[in-house]
Trainee: 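Submitted below is the structure of interest, expressed as structure tokens.
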Amino acid sequence: MTDQTSLFEYLLRLGDNTLVLGHRVSEWCGHAPVLEEDIALANTALDLIGQTQMWLGLAGEVEGAGRSADDLAMLRDVWDFRNLLLVEQPNGDFGQTLMRQCLFDAWHLELLPDLTRASDDRIAAIAAKALKEVTYHLDRSSETVIGLGDGTEESHRRMQAALDLLWPYVGEMFTPDTVDDAMHAAGIAPDLTALRARFDTRIDAILAEATLTKPDSSFAQSGGKTGFRHSEHLGHMLTQMQWLQRAYPGATW
Amino acid sequence: MTPDLTTIWDWLDQVPDPEIPVISVVDLGIVRDVAWQGDTLEVAVTPTYSGCPATSVIAIDIETALYDRGIQNVRIKTQIAPPWTTDWLSDKGRAKLADYGIAPPSPAGGPDACPRCGGTHLTRISQFGSTPCKAHWRCDDCLEPFDYFKCI
């Protein structure tokens, strides 16, 4: 794989993560348990979609085939997506959505500071912009996970179930492959072992305060970021997200 | 005759923010540079939040304002580095925000006082408010809710 190909793949991973999670979170719009949470979810989704425009815009530029961020988001099918399996998992209940968000935010908030020091200025600039927003995302998702985990018997039970369900999707963030290795060698991406250690410190503290028990299995699902095997959920999500372009190809406004 | 840059900055200072029309796009600190490139006026604009839907409206409003003043060629350049910070809000903008009922950003991470009654017993309701740049607070003195322009 050439450096440019690895860079393109890596940018697709960053952009597809924020795109798929942004879309998932936007599914709550108008459905959240209380108005303040509805607004918070919509704002988070909006930040993530904004970050997607920057990451996929740069991916299209690096690829050099004339594809825009919109083309990449709306005109690829499931096998060309490079997001983590975690972000494509369905929303479940409110607690499950916030658990997924917290696991993602804790990773995101450790990754972005490294990317602000990337050898590529364009990546550093996007990361610096996103970092400010993601700081607020983790503030809220961790507070909510703590509040619900250390809440009533029912909310605790649901948060533990959400953690047990989602934990097997965490390992993929830290399992390096040739793209990660090439980006680390190029001075762009961090060493994933060091990133994992920082993630664990952060998430352990949150889960302890939430009185939740981290599953002791290290089993990790894989196949999302390589595109080798997404879960069945992504294809269904794309039929909704890409509906307009599929029904009316090339439609613009 | 080509208008000088000071005049152009004055014109831009009359373009309101579409979401918070009491402050201008210059007050907000999102106009980063204005320069002539040949016969084209290039305006560098930075987004507040990366997904803020007002960003594209702001670009159109700036273009329209400059065309109305007779400038023929305008190019809006999006500049994301360095990232926007609330430190770039002008003092005039901060005062206008407070008058309008939005507590201006404070490095302490929360509002200094209620923009309505000046009370200092304040409770955060949500970090996320009616637009990406605002949080939702309540004054425990006058019991009114209010927006806080959050610090980033």
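We name chains A, B, ... by the order of the sequence lines, and we start the count at 1 in each one.
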Trainee: A/Ile126 versus chain B, heavy atoms under 4.5 Å apart: side chain, backbone, both or neither?
Mentor: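 For A/Ile126, the contact with chain B is made by backbone and side chain together.
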
Trainee: I'd like to know which of A/Ala42, A/Ala45, A/Ala125 tops the heavy-atom pair count under 4.5 Å against chain B.
Mentor: A/Ala125

Trainee: Would you say A/Thr44 and A/Gln101 are linked by a side-chain donor-acceptor pair, where the criterion is simply a distance under 3.5 Å?
Mentor: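 No, A/Thr44 and A/Gln101 have no side-chain donor paired with an acceptor closer than 3.5 Å.
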
Trainee: Among B/Gly51, B/Ala81, B/Ser130, B/Pro132, who wins on heavy-atom pairs under 4.5 Å with chain A?
Mentor: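 Of the candidates given, the most pairs with chain A belong to B/Gly51.
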
Trainee: Hydrogens and angles aside, do A/Thr97 and A/Trp28 bring a side-chain donor and acceptor to less than 3.5 Å of each other?
Mentor: yes

Trainee: With a 4.5 angstrom heavy-atom cut-off, could you sort out which part of B/Pro82 is near chain A: side chain, backbone, both or neither?
Mentor: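 Neither part, no heavy atoms under 4.5 Å.
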
Trainee: Of the listed residues (A/Ala124, A/Gly22, A/Ala128), which shares the most heavy-atom pairs with chain B below a 4.5 Å separation?
Mentor: A/Ala128

Trainee: I'd like to know whether CD of B/Gln79 has more than 12 heavy-atom contacts from other residues, nucleotides or ligands below 6.0 angstrom.
Mentor: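 Atom CD in B/Gln79 is packed in, count exceeds 12.
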
Trainee: I'd like to know if A/Arg122 pairs up with A/Glu61 as an ion pair, taking the criterion as any Lys NZ or Arg NE/NH1/NH2 lying under 4.0 Å from an Asp or Glu carboxylate oxygen.
Mentor: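 Judged by the 4.0 Å cut-off on N to carboxylate O distance, A/Arg122 and A/Glu61 do form a salt bridge.
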
Trainee: Measuring heavy-atom distances to chain B, does A/Leu46 have an atom under 4.5 Å in its side chain, in its backbone, in both, or in neither?
Mentor: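 When you check distances to chain B, atoms from both the backbone and side chain of A/Leu46 fall under 4.5 Å.
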
Trainee: Verify, without hydrogens or angle tests, whether A/Lys225 (side chain) and A/Leu85 (backbone) share a donor-acceptor contact under 3.5 angstrom.
Mentor: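 No.
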
Trainee: Examine whether an atom of A/Glu143 lies under 4.5 Å from a heavy atom of chain B, and if so say whether it belongs to the side chain, the backbone or both; otherwise answer neither.
Mentor: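 Only the side chain of A/Glu143 comes within 4.5 Å of chain B.
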
Trainee: Can you tell which part of B/Thr46 gets under 4.5 Å to a heavy atom of chain A, answering side chain, backbone, both or neither?
Mentor: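 Contact with chain A involves no heavy atom of B/Thr46 at all.
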
Trainee: Write down the atom of B/Leu122, the atom of B/Gly119, and the distance for their closest heavy-atom approach.
Mentor: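 Scanning both residues completely, I find the closest heavy atoms to be CD2-O, 3.6 Å.
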
Trainee: Is it the side chain or the backbone of A/Asp121 that comes within 4.5 Å of chain B heavy atoms, both, or neither?
Mentor: neither

Trainee: Heavy-atom count around A/Gln240 CD within 6.0 Å, excluding the residue itself: above 12?
Mentor: no

